[in-house]
Amino acid sequence: MINFDNIRKDFPILDSKVNGQNLIYFDNAATSQKPKKVIDSISDYYTNYNSNVHRGVHTLSMKATDAYEEGRNKVAKLINAPTDCIIWTRNTTESLNLIATSWAINNISEDNNIIITNAEHHSNLVTWQQVSKKTGCELRFLDITDGFNINELKNIFDVNTSLISITHMSNVLGYVIPIEQITELISGTNTKIIVDGAQSVPHMPVDVSDLDIDFLTFSAHKMMGPTGIGVLYGKKELLLDMQPFLFGGDMIIEVSYDDAKWNQLPYKFEAGTPNIADAIATGVAADYLSNIGMENIWNHELELSKYALNKFSSYDKFTVLGDNFSHLRGGVISFIHDKIHPHDIGTFLDQKGIAIRTGHHCAMPLIRSYDTSAAARISFYIYNSIEEIDSFFEALNEVEEYFS
Amino acid sequence: MINFDNIRKDFPILDSKVNGQNLIYFDNAATSQKPKKVIDSISDYYTNYNSNVHRGVHTLSMKATDAYEEGRNKVAKLINAPTDCIIWTRNTTESLNLIATSWAINNISEDNNIIITNAEHHSNLVTWQQVSKKTGCELRFLDITDGFNINELKNIFDVNTSLISITHMSNVLGYVIPIEQITELISGTNTKIIVDGAQSVPHMPVDVSDLDIDFLTFSAHKMMGPTGIGVLYGKKELLLDMQPFLFGGDMIIEVSYDDAKWNQLPYKFEAGTPNIADAIATGVAADYLSNIGMENIWNHELELSKYALNKFSSYDKFTVLGDNFSHLRGGVISFIHDKIHPHDIGTFLDQKGIAIRTGHHCAMPLIRSYDTSAAARISFYIYNSIEEIDSFFEALNEVEEYFS
Amino acid sequence: MNMGGLSGLDDLNEMYESIILDHYRNPRKSEKIENSDFEINVNNPFCGDELFIQLKINEGIVDDLSISGNGCAISQSSGSLLAESIQNLNKDQILILITNVRKMMKDEDISEEDRDSLGDIEALEGVKKFPVRIKCALLGWAGLEDLIKDKMTS
Amino acid sequence: MNMGGLSGLDDLNEMYESIILDHYRNPRKSEKIENSDFEINVNNPFCGDELFIQLKINEGIVDDLSISGNGCAISQSSGSLLAESIQNLNKDQILILITNVRKMMKDEDISEEDRDSLGDIEALEGVKKFPVRIKCALLGWAGLEDLIKDKMTS
Ligand SMILES: Cc1ncc(COP(=O)(O)O)c(C=O)c1O
Ligand SMILES: Cc1ncc(COP(=O)(O)O)c(C=O)c1O
């Protein structure tokens with residue numbers, strides 16, 4: 001049994017007051033809070049063994065290198081990947097751009113097409129728009145407004161589909177995409193699949209070997225880790241074949257004035273001094289999540305999500321984006337009001353200590369398809385509770401009164 | 001007057017024992033140590049106001065955004081640049097790659113040439129090798145083995161020189177390059193100059209307006225800031241003209257399914273959730289440096305460097321790379337021994353608590369030009385002392401005895 | 001409505017003053033006009049606030065105008081307050097007004113006289129305490145400035 | 001030389017054992033041979049350690065060999081120890097030896113008998129305490145493994 005009270009105590013920020021109220025943090029899809037262990041691992045590094053990695057024979061450098069690589073190991077374990085297939089990036093966005101630059105540009109031509117959904121985060125949309133402009137390939141959209149349907153994917157998928165890049169869980173609609181249906185569809189073809197795990201890896205078990213996907217991208221800051229570091233997982237044979245991303249120190253094995261040889265995996269893709277402290281802290285975050293258990297986290301959030309969706313259905317003027325009940329949805333709920341602008345809702349709730357996100361959630365065209373340019377969004381993590389959701393709905397009632 | 005004892009107290013790690021000995025940290029060119037204030041600013045952020053930036057109306061998000069942008073302001077002040085010309089990157093390496101991707105590729109053709117020196121860090125060498133391969137332009141080398149000579153630069157500079165990319169201070173030879181001589185040479189021409197400030201910005205006053213340079217690149221981790229964040233400064237008119245670097249959230253202002261419009265400076269170049277904590281901490285580091293005074297730091301390090309170079313000249317079998325006395329040299333000294341391999345020197349000194357770097361220092365072809373593939377290097381910062389240098393030389397004597 | 005004792009809600013009530021909420025619910029001059037001389041569409045894509053401003057100029061002064069849009073209470077009420085304030089003003093007068101609005105929002109020195117000249121617009125002052133919303137309050141004014149700087153002759 | 005009381009130096013003395021320093025200063029079998037059957041150049045570009053290994057095979061066993069190179073005391077002495085150990089061995093015997101060297105260096109279980117078979121190579125054990133130097137110690141062995149796996153028939 002999970003002890004939620006103990007978990008809450010691990011997060012110093014959850015004790016703070018915002019505008020005189022107890023903080024209710026419902027902005028987890030934007031970034032998660034961090035347990036003390038993660039925060040302390042950063043201070044510990046800088047206080048006790050800060051040093052550059054990989055090239056040093058001195059003690060501090062060896063300690064730093066070990067801890068840095070141990071961070072990678074821990075992340076590899078979390079998603080069940082070989083350690084040398086874990087590449088550190090800045091964030092999900094950079095992971096996706098790395099694939100675009102190092103793989104897509106060299107493997108996609110104007111005869112090909114790329115499939116994404118209409119609900120992708122800008123990082124998984126604009127990146128492929130650019131690849132489409134550079135290579136001349138077609139960018140096709142799978143409409144998942146009312147949920148994912150494999151038959152609709154089959155309609156637009158063909159032998160020229162080089163790539164399907166799809167979110168594992170939508171950061172607007174909360175839908176969980178059944179990736180195994182897609183990998184089954186493309187199995188035996190040349191089509192590659194990228195799973196944008198920014199919203200899934202932090203919240204549910206994700207096993208890259210089980211899923212048999214080509215690439216997985218995610219950000220540490222959404223999974224209780226620090227800002228400034230993200231992960232790209234890739235299948236080894238693909239990574240081995242790919243061109244480097246950025247050029248400089250650490251990613252080379254040998255350099256002359258006119259040529260350079262690339263280093264082995266994963267270093268080939270990691271140029272310059274890495275984000276050492278945050279890699280260490282990301283490992284600590286991965287362990288923290290594993291210790292609670294990804295299944296437990298996921299189940300808790302499903303419960304919160306169902307509870308909140310149910311509550312929403314009793315409101316006339318609040319509309320939840322996406323289908324509420326017939327699809328598997330994680331702890332992300334976007335909503336709009338007939339009259340009241342999300343900004344005003346957000347500001348009002350903030351005065352009650354409730355942090356929610358408002359805006360286009362980096363999915364502008366999707367939000368616009370609802371004839372609005374902004375929505376409000378609540379999103380949960382393991383440390384959130386039913387009581388907090390109750391407080392949220394009480395405050396929402398006040399919002400309606402206030403602005404009516 | 002600077003109180004060095006007080007400065008040392010700001011760095012918790014300098015109090016630690018390594019292999020039973022007091023740590024003498026002489027690996028500052030690889031990465032610097034961090035003052036407590038910088039370390040604490042990171043914990044403070046995660047403990048008290050962690051949130052995603054820019055798009056949030058809630059209190060935490062506003063606090064985080066303010067602090068994040070304040071970090072940028074402080075860095076802008078340190079190098080006397082307009083705030084919106086400061087772009088956060090991961091490190092110097094990424095800053096250089098950004099210029100290559102967003103400016104060089106689009107502005108250089110096979111008729112052009114790029115000039116770098118023979119002593120550049122791999123990040124400022126391999127990056128331009130790649131640009132040369134992609135554009136067909138010529139990569140020319142200025143030999144600074146015996147020091148920088150503007151006349152030699154004049155010999156290889158011509159109307160087709162699109163770019164001069166040069167280190168401000170060599171991380172191997174310690175030479176300081178007189179940038180103003182180069183900007184005078186190219187003034188009125190179309191040639192752009194990149195100054196790799198990885199080793200200069202942390203140690204000496206650098207004023208981009210005074211220097212009138214087009215780009216400046218540096219890494220926070222070498223200037224008492226955290227790992228995982230670097231800076232690109234660019235002249236506004238250049239940055240405005242340049243293509244984006246990576247694609248995704250934050251760098252766009254408007255997105256439809258088939259197109260996107262780029263955000264204003266500096267955001268156009270910053271895709272995805274930024275490294276918020278480390279941007280804040282970098283601002284704290286910049287303030288810390290300013291408070292001591294860059295002139296003071298520089299003078300102290302010049303003194304250490306002269307002292308050490310003088311000591312080295314009394315050794316027969318130790319050779320310092322580069323010209324010892326007729327050129328302005330900062331606190332970076334690379335050396336080799338007739339017989340003893342740098343690795344063995346490094347391991348021995350480590351047992352005495354002295355951290356030095358050994359290897360090719362990411363400048364393989366330069367090191368090889370000395371008929372060796374590795375060198376030992378000591379490098380100083382404001383917290384190092386004459387006494388530490390004395391201990392180093394005592395240990396060096398023991399090294400000679402031990403391996404003779 | 002039970003909000004007693006919530007300190008934050010005092011700030012809220014100051015921002016969402018009754019004048020503001022009134023303008024939000026009943027925006028003035030929101031009917032589009034035909035044959036306008038200049039018009040501009042301004043928006044903040046991040047939150048989706050939009051305003052469409054139309055001006056009809058006669059002998060150098062604003063003869064008629066319309067402001068319509070979509071967005072939060074602050075951006076829309078501010079637009080409506082704007083609509084109410086610039087009728088019959090010439091370019092220079094409008095520019096001075098915009099400067100004064102900015103001064104008020106950014107808490108800069110502003111003379112008693114200039115402040116008085118703002119009239120109902122002063123109701124926007126409560127937004128100051130919500131820095132992230134100042135952009136909303138200034139959206140229309142910034143658009144108006146762009147429009148008349150480019151197009152209106154003084 | 002005054003190093004008494006410095007605990008770290010004990011470790012150092014363990015790594016730089018007299019056998020090691022002797023092999024470093026007087027490397028065995030470092031003269032290049034002509035008409036070798038296979039050769040390989042291995043290096044660690046990061047620190048510049050290099051070894052050039054040549055083998056002459058006769059009826060499936062190492063008939064003659066040479067190892068020369070450049071680098072730190074550990075990589076070079078390890079190479080020299082290697083040179084001393086594989087004469088007259090066949091492919092399988094060499095592979096077993098390499099496995100045992102690895103086991104020792106990585107502190108894995110190793111039988112008394114296997115350990116005894118290492119002979120002077122055991123002097124390398126002190127390197128274990130310096131993980132970053134293990135690569136140096138294994139450079140030649142890894143190269144040898146690549147070479148015979150590819151080329152030698154068993
Ligand atoms: C002169 C110089 N340029 C560039 C770099 C690369 O810096 P980073 O590894 O932080 O990208 C370094 C760091 O070693 C350097 O000394
Ligand atoms: C589904 C999804 N993809 C990608 C991203 C981008 O993540 P980051 O900003 O960390 O690069 C996000 C974060 O908002 C997301 O929710």
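Note that these values count all heavy atoms, side chains included, but never hydrogens, waters or copies made by symmetry. Every chain is numbered from 1, with letters handed out A, B, ... down the list of sequences.
When all heavy atoms of A:L246 and B:F245 are compared, the pair lying nearest together is CD2-CZ, 3.8 Å. B:Y45 and A:T227 make their closest contact through OH-CG2, 4.3 Å (heavy atoms, listed as atom of the first residue, atom of the second, distance).
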Open item on the list: Does B:R90 form a salt bridge (charged side-chain N to carboxylate O under 4.0 Å, His left out) with A:E270? I'd like the steps, not just the answer.
Closed with: CA-CA 11 Å; B:R90 180 167 41 241; A:E270 297 178 350; over 6 Å; no
Open item on the list: Working note: B:W262 + A:V126, criterion side chain to side chain contact (heavy atoms under 4.5 Å, CB included); need CA distance, chi angles, decisive distance, verdict.
Closed with: CA-CA 11 Å; B:W262 316 135; A:V126 184; 3.9 Å; yes
Task: side chain to side chain contact (heavy atoms under 4.5 Å, CB included) assessment of A:Y25 paired with B:L60 - done: CA-CA 10 Å; A:Y25 188 75; B:L60 292 181; 4.0 Å; yes
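Residues meeting the side chain to side chain contact (heavy atoms under 4.5 Å, CB included) test with B:D143, sequence neighbours left out: B:N118, B:T145.
Contact of B:I276 with chain A is made through backbone and side chain together, with heavy-atom distances under 4.5 Å. For A:Y46, the parts lying under 4.5 angstrom from a heavy atom of chain B are both the backbone and the side chain.
Between B:K133 and A:D258, none of the side-chain N atoms (NZ, or NE/NH1/NH2) sits under 4.0 Å from a carboxylate O, so this pair counts as no salt bridge.
Among the candidates A:P342, A:C362, A:G359, A:A279, the residue making the largest number of heavy-atom pairs closer than 4.5 Å to chain B is A:C362. Of the residues considered (A:I356, A:D15, A:L139, A:I229), A:I356 shows the highest number of contacts with chain B, using heavy-atom pairs under 4.5 Å. Options A:G353, A:S16, A:P244, A:S51 differ in how many heavy-atom pairs under 4.5 Å they form with chain B, and the most are formed by A:S51.
Looking at B:Q129 and A:D259, their side chains never bring a donor and an acceptor atom within 3.5 Å of each other.
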